[in-house]
Amino acid sequence: MPVFIAGFPQLLRFKRTVKTSIFIPTQHHQALHRKDITFAVQRQPTNFKEASEFYISLIKECIASKSIAQVRKIQLHMMGCGFPHLSLGNKLIDAFLKCGGVADARVLFDELPQRHIVVWNSMIAGYVRHNMGEEAIHLYKRMHFEGVFPDDFTLSSVFKVFSDLGLVSEGRQTHGHAVVLGLGASNAFVGSALVDMYAKFGKMRDSRLVADRVVEKDVVLFTALIVGYGQHGEDGEALEVFGSMIKQGVKANDYTFSSVLVSCGNLEDICVGKVVHGLTIKSGFESAIASQTSALTMYSKCGLIDESLRAFELMVTPNLVSWTSLIVGLVHNSRQEIALSKFRQMICSSVTPNSFTLSAALVACSSLAMLDQGKQIHNIIMKLGLDQQKFIGAALVDLYGKCGCVEFARLAYDSLFEIDVVPVNAMMYAYAQSGFGLEALELFYSMKDKGLEPNDVTLVSILSACNNSRFVDEGRRIFSSLRSNQNIKLTQEHYACMVDLLGRAGRLQEAEMLINEVESPDVILWRILLSACRIHGDLAVANRIINRVLELSPRDEGTLVLSSNIYASTGNWAQVLEMKTSMRDARLKKSPAMSWVDIDSTFHTFKAGDWSHPRSKEIKEMLEELSVKVKHLGYVPDTRFILQDLDENEKERSLCYHSERLAIAFSLWRTYQKTTCIRVYKNLRVCGDCHTWIKLVSKVIAREIIARDAKRFHHFKDGFCSCGDYW
DNA sequence: ATAGGGTTAG
């Protein structure tokens, strides 16, 4: 008969120094291994009670150190010593489950000659914790079959399975069973499981009904309800629940605060947000990481990005989610460059980004069209094996589309694992921006076959595609067929596309009628129509609109600039002066035209006639070289595009030094030996004369030039542009 | 003896 009782004092002393495995003695007087909790055998067994107490304390240690191996060793030891280990079966099962050994637990479970309700509950809860809902349900059914009635413990686990697996009718049915058993809302555990389940099903009314029926509501139940409201966009309701919870004297904890702060952020309610944040600190959850993270998000959603940065600085050890929230917040507040530098810092502090972080970083790159940096992030994504993730896939399509790399966008699109409407929209928009109208239409019409419903963004994308490819009738047809679609809420953006489409095609009247359909139309719509008037030289309509718009908003910068340009292009210098005076009076400054190129991840920006770049000499030489060559191809400067009252010579010289030309010349100088394409970005539209000039330059240098202006991409190649001179 | 709620996205 083996000896099995150990000396507890030694055991405790040794386990304090280490926390790893249990060494099983083969002899009665074994050496004590430094790195093991050891069965130091000192005396003969006394009784069963003492032995089981000993094993129970060992099992407790195992749970704390989360080691399956140790639990197995205890089990073996019990068997080796002839201790009836099944008498501690529920303890062992629990220990296995808490250390991740679900299979071991199940073996023991099946071996038990009779199973107490507690064992069933432990096993079911274990399956739920390990995301093995199917098994949990299976066991739950078998339990009935064996005549064991579920209790409140069982039910709270089972409701969680239904909510995890989205089994609505099963959940309802079991709720019914619970009521029959008298456990409907008997305690806060069952109650919060039900509240959470209905909330996850999106059935907030049912969730609320259950919550109201629970007599002894606790903080978990309230939090589940608050989260439910928050996740279904009912943040106001969430705050009300929080208020009534406080009123009832239930103390909020870090879980509650983080959820409530999220709701404040969603409501962009900085006043309540600040109060709740103060309360969080007062309640002692100042350094609870999730609450801190939610506070950070709340500030960034309210536009207080500095406050958000400060919240981040206060974190001692920011985790992945905190870093991600910070980066997301920065991107949403147009601080893309800081966002990317934080992203780099995060990687340096060895926090591995996940798909949330990476998609935010991609958005940062795509909104500034930073192709090189975007590609670097794409590399990280490949290394982490996250390229199949759906949000990442969509963000990649978006990135390459926004950088004008239609082929890459298509590659990313084709390698998507599952298609939903977002990447289709992104791909369509990529086509739209580069003027591939037919491809965009093809994608649009293929949505039906894929079972995808178009949404608001789809409509913007396809209308932009039609707009940029001058598909007037097609655009009109799509607009009228989708304008009454339940799924689509028409915004001014949709009208803007249509007004531009019609206006540029010369249907000024139709465009104006469309604007009049809009309830309180934005100035932007009128501005678009104005610029159509300018293209078609309709000064009469233009005058009417200018007066109307300036009556509505006399200080609108865009309108004043555009009007001044219209008057300048028709030689009405007196009116130009009037517009400029209005601008000066309103203290408005025209935002200067600017172009930039990204060379080796460094931006070089240029303004017209600006020679402050350290390589100005080379740029000038390059421009002169190009000037000679393009003149050979028949280039004649078109000074109609100069909207200043200058003489012809001055106008010509002014054209030569438009910002996009400086940028192209610089890029060409830096990459002279290469054959890759030149990419240039401009904040405003490319003028007609530069457009002609760039077409010719692309022929002279036999390289593709991709230019993104405020509205679209122009792919210049061999003397032609993808926009077909319509933009 | 066994149980419940949270922070980040295209």
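Order of the sequence lines fixes the chain letters, A, B, ..., with proteins taken first and strands second; residue numbering starts at 1 for each chain. When reading the values below, keep in mind they use all heavy atoms of this one structure, side chains included, and skip hydrogens, waters and symmetry mates.
Within the nucleic acid shown, A:Ser294 comes within 4.0 Å of sugar-phosphate atoms alone, with no base atom in reach, counting heavy atoms only. Nucleic acid contact for A:Val190: none, since no nucleic acid atom lies under 4.0 Å from a heavy atom of the residue. Among the heavy atoms of the strands lying under 4.0 Å from A:Lys98 are primed sugar atoms or P, OP1, OP2 only; no base atom is included. Within 4.0 Å (heavy atoms only), A:Arg129 reaches sugar-phosphate atoms of the nucleic acid but no base atom. Across all strands, A:Lys200 comes closer than 4.0 Å only to sugar-phosphate atoms, never to a base (heavy-atom distances). A:Val321 comes within 4.0 angstrom of a base, heavy atoms only. Heavy atoms of A:Val422 sit under 4.0 angstrom from at least one base atom. Using a 4.0 Å heavy-atom cutoff across all strands shown, A:Ser355 reaches at least one base atom of the nucleic acid. Residue A:Ala426 is classed as having no contact, given no heavy-atom separation below 4.0 Å to the nucleic acid. Within 4.0 Å (heavy atoms only), A:Thr357 reaches no atom of the nucleic acid at all. Contacts of A:Asn253 with the nucleic acid, taken as non-hydrogen atoms under 4.0 Å apart, include base atoms.
We find that CD1 of A:Ile392 is positioned 9 Å from C1' of B:dG10, with the value rounded to whole Å. Rounded to an integer number of Å, the gap from CG of A:Asp218 to P of B:dA3 is 16 Å. The CZ-P distance, from A:Phe343 to B:dT8, rounds to 19 Å in whole Å. Protein atom NE2 of A:His277 is 21 Å distant from nucleotide atom P of B:dG6, rounded to whole Å. As a whole-Å value, the separation of A:Phe242 CZ from B:dG5 C1' is 14 Å. In this structure, OH of A:Tyr299 is placed 16 Å from P of B:dT8, rounded to the nearest angstrom. The CG-C1' distance, from A:Asn187 to B:dT2, rounds to 13 Å in whole Å. Protein atom CG of A:Leu155 is 13 Å distant from nucleotide atom C1' of B:dT2, rounded to whole Å.
A donor N or O paired with an acceptor N or O is found under 3.5 Å between the base of B:dG10 and the side-chain atoms of A:Asp420. Looking at A:Ser192, its side chain comes within 3.5 Å of the base of B:dG4 through a donor and an acceptor atom. Judged by atom type and distance alone, A:Ser258 reaches the base of B:dG6 through a side-chain donor-acceptor pair under 3.5 Å.
The listed nucleotides are B:dG6, B:dG5, B:dA3; the one nearest the side chain of A:Val219 is B:dG5. In the set B:dG4, B:dA3, B:dT7, the nucleotide with an atom closest to the side chain of A:Asn319 is B:dT7. Minimum atom distance to the side chain of A:Asp398 is reached by B:dG10, of the listed B:dT8, B:dG4, B:dG10. Closest to the A:Thr293 side chain, of the nucleotides B:dT7, B:dG5, B:dA3, is B:dT7. Closest to the side chain of A:Phe356, from the set B:dG6, B:dG10, B:dA9, is B:dA9. Of the candidates B:dT8, B:dG6, B:dA9, B:dT8 carries the atom nearest the A:Ser325 side chain, counting heavy atoms from C-beta on. Nearest to the side chain of A:Val118, among B:dT2, B:dG6, B:dA3, sits B:dT2. Closest to the side chain of A:Thr223, out of B:dT7, B:dA3, B:dG5, is B:dG5. The listed nucleotides are B:dT8, B:dA9, B:dA3; the one nearest the side chain of A:Asp152 is B:dA3.
Of the residues in residues 138-151 of chain A, none lies under 4.0 Å from DNA chain B by heavy-atom distance.
Partners of A:Glu111 under the salt bridge (charged side-chain N to carboxylate O under 4.0 Å, His left out) rule, at least two apart in sequence or in another chain, do not exist in this structure.
Ring-centre distance between A:His175 and A:Phe162: not below the 6.0 Å cut-off. For A:His277 and A:Tyr299, the ring centers are positioned less than 6.0 Å apart. Aromatic rings of A:Phe312 and A:Trp323 (six-membered ring for Trp) have centroids within the 6.0 Å cut-off, being under it.
For the side chain to side chain donor-acceptor pair (under 3.5 Å) condition, the pairs that include at least one residue of residues 395-405 of chain A, sequence neighbours left out, are A:Ser366-A:Asp398, A:His378-A:Tyr400, A:Asp398-A:Lys402.
Residue A:Gln231 has a polar side-chain atom (N or O) positioned under 4.0 Å from OP1 or OP2 of B:dT7. Between A:Lys160 and B:dG5 there is a side-chain N or O to OP1 or OP2 distance below 4.0 Å.
At a threshold of 4.0 Å, the pair A:Asp196-A:Lys200 counts as salt-bridged, since one of the basic side-chain nitrogens sits closer than that to a carboxylate oxygen.
When each of A:Leu108, A:Val107, A:Val102 is tested with A:Phe96 by the rule side chain to side chain contact (heavy atoms under 4.5 Å, CB included), just one qualifies, namely A:Leu108.
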Note to self: For a salt bridge (Lys or Arg N to Asp or Glu O under 4.0 Å) check, start with the C-alpha distance between A:Asp306 and A:Arg310, then their side-chain angles and the critical distance, and finish with the verdict.
What the structure shows: CA-CA 6 Å; A:Asp306 294 324; A:Arg310 197 180 315 166; over 6 Å; no
Next item on the list: Would you please test A:Leu358 and A:Gln389 for side chain to side chain contact (heavy atoms under 4.5 Å, CB included) and show each step?
Entry: CA-CA 11 Å; A:Leu358 290 159; A:Gln389 208 277 338; over 6 Å; no
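A:Lys251 is not listed as a side-chain neighbour of A:Ser283, based on a closest heavy-atom distance of 4.5 Å or more.
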